[in-house]
Amino acid sequence: MKLIVCENYAEMSRRAADIISAQLVLKPNSVLGLATGSTPEGLYRELISDYKKGIISFEEAKSVNLDEYFGLSPDHPQSYAFFMRAHLFDHVDIKPENTFIPDGTNVDRDGETSRYDTLIEKLGGVDLQLLGIGVDGHIGFNEPSDSISLGTSCVALDESTIKANSRFFASEDEVPKYAYSMGCGTILSAGRILLLASGKNKAEILEKTFYGEVTPRVPASLLRLVPEKVTVICDRDAASKILELHG
Ligand code: PGA
């Protein structure tokens, strides 16, 4: 896996935008696998700026998001559908009908997970998958587990995830306990994978991802099964444990 350590969050965001913009220039009809959370916000700002400068267009692109909270409608301000419109889709020329995200309101869990997998398959898979990383090592909402979930599933969120994400809700009680998540198999099948990490709280898990055991107990470590596809871009804080222990 290639590791790019940037001075700070702004540089990390720009480097990531360069990769995604190049993807769109080289293949305008790319299927982009997109992520939510605080980490990619700066990247999305850079992509909007590239779009406004006329460097890139999303007109032919399609997007599939990693995950969505179970029980939240696309109009809920904390839903990931809402996040994507606010942070990217409403500001670029992507066609709303070409943006896909699990339907958090679908209570038929088996129906929704197979619908999403079929949809991704019909799109021909993901060309470039963007990932953040949870403090517990989750990618998408694939939480630490004894087995690998290949396709989309409805997962119970870990305590650490609920705690981390409670900063966006009025209280911890309001954080949904379940989410639909694209599976690790789909993520690993993407043509290219770009993982971003920022801040000291990601230093420990990033070191485990690179140097610990490859195990579904640390879902991000599974990326080492396809090392040639993966680029990790992080800031100095997130890289601090790797730099301290491994130079
Ligand atoms: P964050 O979330 O970007 O808000 O830190 C990352 C994740 O949970 O995947």
Side-chain angles (χ1 to χ4, degrees), residues 6 8-13 15-17 20 32-47 63-70 72 77-84 86-88 101-102 104 126 128-145 149 152-153 155-169 172 174-184 186-188 190 193-209 216-223 230-241:
C6 299
N8 51 39
Y9 180 81
E11 192 189 324
M12 177 198 78
S13 302
R15 290 291 289 267
I20 295 184
L32 300 175
L34 298 179
T36 50
S38 303
T39 312
E41 285 184 18
L43 153 67
Y44 291 148
R45 282 195 293 272
E46 293 297 326
L47 288 178
S63 71
V64 281
N65 262 79
L66 282 168
D67 42 22
E68 180 58 285
Y69 286 119
F70 183 77
L72 296 196
Q78 297 313 332
S79 73
Y80 289 157
F82 192 100
F83 175 102
M84 288 310 304
H87 292 277
L88 184 66
I101 190 158
V126 176
L128 189 158
Q129 179 64 56
L130 173 67
L131 298 173
I133 181 170
V135 286
D136 63 356
H138 71 214
I139 47 176
F141 269 139
N142 294 286
E143 298 285 25
S145 156
S149 179
T152 305
S153 63
V155 292
L157 300 181
D158 262 23
E159 271 312 306
S160 65
T161 301
I162 291 173
K163 213 177 205 35
N165 291 6
S166 66
R167 70 191 193 276
F168 300 111
F169 291 83
E172 215 170 293
E174 286 186 27
V175 184
K177 305 291 178 277
Y178 294 88
Y180 285 118
S181 178
M182 188 190 281
C184 287
T186 308
I187 293 172
L188 297 183
I193 300 168
L194 184 58
L195 184 144
L196 305 187
S198 164
K200 273 251 184 275
N201 63 334
K202 301 291 172 70
E204 199 163 312
I205 196 63
L206 206 56
E207 195 273 337
K208 273 197 189 142
T209 297
R217 301 298 320 163
V218 180
S221 71
L222 299 173
L223 296 172
V230 183
T231 302
V232 176
I233 308 183
C234 68
D235 60 15
R236 283 209 159 267
D237 282 346
S240 56
K241 187 119 193 227

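One-based numbering, in listed order, for ligands and for the atoms of each. Just so we're clear, the structure is a prediction, and the values are computed from it rather than from any experiment.
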Any idea which protein heavy atom is nearest [atom], and the distance to it?
atom: atom 6 (C) of ligand 1; value: I133 O, 3.6 Å
atom: atom 5 (O) of ligand 1; value: K202 NZ, 2.7 Å
atom: atom 7 (C) of ligand 1; value: H138 NE2, 3.4 Å
atom: atom 1 (P) of ligand 1; value: T39 OG1, 3.5 Å

Donor-acceptor pair, [X] side chain versus [Y] backbone, under 3.5 Å?
X: E46; Y: A17; value: no
X: N142; Y: M182; value: yes
X: E68; Y: Y80; value: yes

Task: N or O pair under 3.5 Å between T36 and ligand 1 - done: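 In fact, backbone or side chain, T36 has no N or O that close.
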
TODO: Under 4.0 Å from a heavy atom of G37: give me the atoms of ligand 1 that qualify, with their elements.
DONE: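 The list of qualifying atoms is 3 (O), 4 (O).
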
TODO: Can you sort out which atoms of ligand 1 are near G132, meaning under 4.0 Å from one of its heavy atoms?
DONE: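 Answer for ligand 1: 9 (O).
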
Task: Residue-ligand contact R167/ligand 1, heavy atom below 4.0 Å - done: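 So R167 counts as touching ligand 1.
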
Task: Minimum side-chain heavy-atom gap E172-E159 below 4.5 Å - done: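 E172 reaches E159 side chain to side chain.
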
Open item on the list: Tell me whether the count of non-hydrogen atoms from other residues, nucleotides or ligands lying under 6.0 Å of CZ in R15 goes above 12.
Closed with: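 No, not enclosed.
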
TODO: To the nearest 0.5 angstrom, please state how far the CZ atom of F169 sits from the OH atom of Y69.
DONE: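 The distance works out to 4.5 Å.
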
